[in-house]
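A short worksheet on the structure shown next.
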Amino acid sequence: QILKYKPGLTILSRKREPLGREERDPENLINAKTSLSLGLDKVFVGGAGAQPAGGELTPGEYREKIVRLLFEDKKKPPKSRKYNFRIIYFFLGLVCLIITFAVLPFLEFFVSASIVASQTKKIASGEPPSLRQIALSEKLAVLSRDGVSKFYFLGVFENELDFVVDSSSALILVSRAQKKIYTILGSLGMLHQIILGVGGYNLEKVSSDLSVNLSALSYDLGFIEGALSKGKIASLIPVDKELLSFAKTASYEGAKVASLLPDLLGKEVPKTYLVLFQNSSELRPTGGFIGSFGLLTFSAGKLIDSEIQDVYSADGQLKGYVEPPRVIKEYLGEAAWYLRDSNWNPDFPSSARQAEWFLDKELDRKVDGVLAVDLYFAHDLLAEVGPVDLADFSITITADNLYEKTQYQAEDNFFPGSQKKTTFLTALSRALLSKIVESDEKSLFKIGKAILASLERKNLLVYLKDDSVSKSLKNLS
C-alpha cells in the first residue's frame, strides 16, 4: 500500500528487515504510538533498494516524514519539454537547400572565371591549355548562367543579375574558343607528323579540319571581343585586347592559308622554298647580310629534302658577270652582283624575286617561294625551343648569348675575304632547322607563337608565288 502512494519507497526496521504486513498498514504507520508499540522507535526511510545510511529518524520525525511522503499534496515536477527532432532536421535541411541553390550559381561563376583566367595565362605564355579544365569551366559557366537566370522573378538586383548572366555567357565563349585552340594544336601536331613522314594522317583532311577550326575560332573571338568591351566583364578575364584583335585576324587569315596547305606542301607536284638567313649585325635593307641559305622541298606534305649552303659557295658558281646597282658599287665596293647582295631593295617581294633569279643562275634551281629570317627570329626560336650545340665550334648557343657569340665569330681573326662568320651562321641555321623539325607537339605551340610574333615584327618575311596565300599573309602582317 505504501508503494501505492509512493512507488519505490521502502521502510526498514532497525534490524534492517522489511516491515511485515501489519506494520506496513498506513494507519499504523501514521500513529506514532502504534509504531512505537510495534517496536519502531527508529526507522529508516529511503528509495527502492536504498540502504539506511544517515536516515535514522525519531518517532516525531518519522510521523512527519510519512505524512509528507504519503498524504500531503505535492506539486508535480515540471515535465521536460520534448522536441521533435525530425521536424527540426527537416527545416534545417530546407534552409540549407535554399541557401545552396541561391549561392551555388554564383560560386560556379567565380570558379569558372578562375579556370578561364588560368588557361588564358597558359596560352599567352606559350603553353597548351588543359582540355579537362576547359570542359569544366564551360560546364560551370552554363550552370551559373542558367541558375542565376532563375532569380529574375524576384524583381530585385536586376543589374547585378545581368552582370553575372552576361559574364557567364562570355566565359562560355572563352571556354569554347580555348577548346578550339586545343583542337587546332592537335591538327598542327598531325601536320607536323605529316611533314616528318610519320603518323599516316591525311593531308587534305588535316588541312580542312584546321581551316574550319581556325575560321570558327575567329568567329568566337569576335564575339569575345564584343563581350569584353564591357569594363566589368573585362576585369574578370585577363586578355590583352591588342593580342585578342591580332588573334582574331590571324585565325581568320590562317584559315585561308590552311585550306591551301595541300598545294603549298606539294600534294600534286613537289614544292621547293628558298630560306635566306640574314645576319642582323650587318645591315641590309631586308634585315641583314645573307650569309647562308636553305632549300626545303616538300612532296605530298612530307619534307623530302633540306639543305643549308654557304652563300659564297653558291656565288662562286655564277657564270658570267652581273652589273651591280650603283649604290652597291659605291658603298660596298663590290665590282659584281651576287646572291649575297640580292636583298638590296627594301621592298621584300622585289628582293625575293632577285634572290630567285640569282639562285637559278648560280645553282640552276627554281623555287616556289622565298622566306627570310634574321638573328632576332633565331633569338625568339632559341627562347622557345632551348639551346643548340654547334659541335664544329665547340659552343652551345642560347637566346642569351646568341648576339655575343655571333659578333665574336664575325670579328675574331677577321680579314678581307674571310668566310668564318658565314660558316658559323650556316652551322647555326642547320642546328635551328633540325631543332624545329624534331620538336615535339608541346614545343610546336611555342614555335608557332614565335613565328607569328616574328611575322608581326618583320623578323620573318615571306614571299610566295601563290597570290591568294600572299594576300592572306599580307593581311596578317
Side-chain angles (χ1 to χ4, degrees), residues 112-113 115-139 141-142 166-192 194 201 203-229 233-234 236-262 264 441-456 468-469 471-477:
S112 176
I115 295 174
V116 165
S118 66
Q119 295 304 306
T120 301
K121 288 180 180 178
K122 285 184 70 174
I123 294 172
S125 64
E127 296 182 26
S130 167
L131 184 59
R132 181 178 297 179
Q133 292 289 313
I134 293 171
L136 177 61
S137 67
E138 181 182 359
K139 185 174 181 179
V142 171
D166 292 343
S167 298
S168 296
S169 299
L171 291 173
I172 293 170
L173 287 173
V174 175
S175 296
R176 290 175 180 173
Q178 291 175 342
K179 191 182 295 184
K180 288 185 178 65
I181 290 174
Y182 183 89
T183 304
I184 289 168
L185 290 176
S187 296
L188 289 175
M190 295 178 194
L191 180 63
H192 180 245
I194 290 173
Y201 297 106
L203 176 60
E204 290 183 311
K205 185 179 185 311
V206 171
S207 170
S208 175
D209 291 344
L210 191 57
S211 178
V212 169
N213 284 310
L214 282 169
S215 180
L217 176 61
S218 174
Y219 183 81
D220 286 346
L221 292 177
F223 278 101
I224 293 171
E225 195 173 29
L228 294 182
S229 62
I233 297 178
L236 291 172
I237 308 173
V239 178
D240 188 328
K241 291 184 178 180
E242 292 184 4
L243 179 62
L244 179 62
S245 179
F246 173 73
K248 182 182 71 173
T249 303
S251 55
Y252 177 77
E253 299 297 342
K256 299 177 183 178
V257 175
S259 64
L260 299 171
L261 280 175
L264 291 173
E441 291 186 12
K442 188 174 182 180
S443 301
L444 284 177
F445 183 71
K446 295 182 179 180
I447 293 172
K449 182 185 174 186
I451 289 174
L452 283 175
S454 294
L455 277 171
E456 188 178 15
S468 57
V469 178
K471 185 177 180 180
S472 293
L473 290 174
K474 185 177 180 181
N475 292 335
L476 275 174
S477 179

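The model shown is predicted, which means the values in this text are computed figures rather than measured ones.
Panel note: side chain Ser251, backbone Leu217; no donor-acceptor pair is recorded below 3.5 Å. Using modelled atom types, no side-chain atom of Ser215 and backbone atom of Val212 make a donor-acceptor pair closer than 3.5 Å. Panel note: side chain Ser137, backbone Ser112; no donor-acceptor pair is recorded below 3.5 Å. A donor-acceptor pair is defined here as one N or O able to donate and one able to accept, closer than 3.5 Å; such a pair exists between the side chain of Ser259 and the backbone of Lys256. For the pair Ser454 (side chain) and Ala450 (backbone), a donor-acceptor distance under 3.5 Å is present.
At a threshold of 4.5 Å between non-hydrogen side-chain atoms, the residues Val116 and Ser175 count as touching. Leu214 places none of its side-chain heavy atoms less than 4.5 Å from the side chain of Val257.
One distance of note links CD1 of Ile172 with CZ of Phe223; it measures 13.5 Å at 0.5 Å rounding. Considering OG1 of Thr120 and CD1 of Ile115, their distance stands at 11.5 Å, rounded to 0.5 Å. Separation of atoms CG (Leu264) and OG (Ser207) is listed at 9.0 Å; rounding is to 0.5 Å. Here Lys122 contributes atom NZ and Ile181 contributes atom CD1; the two are 12.5 Å apart, rounded to the nearest 0.5 Å.
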request  = Under the side chain to side chain contact (heavy atoms under 4.5 Å, CB included) rule, what do Ser245 and Glu225 come out as? Steps first, then yes or no, please.
outcome  = CA-CA 8 Å; Ser245 179; Glu225 195 173 29; 3.7 Å; yes
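Defined by atom type and a distance below 3.5 Å, a donor-acceptor pair is missing between the side-chain atoms of Ser130 and Gln119.
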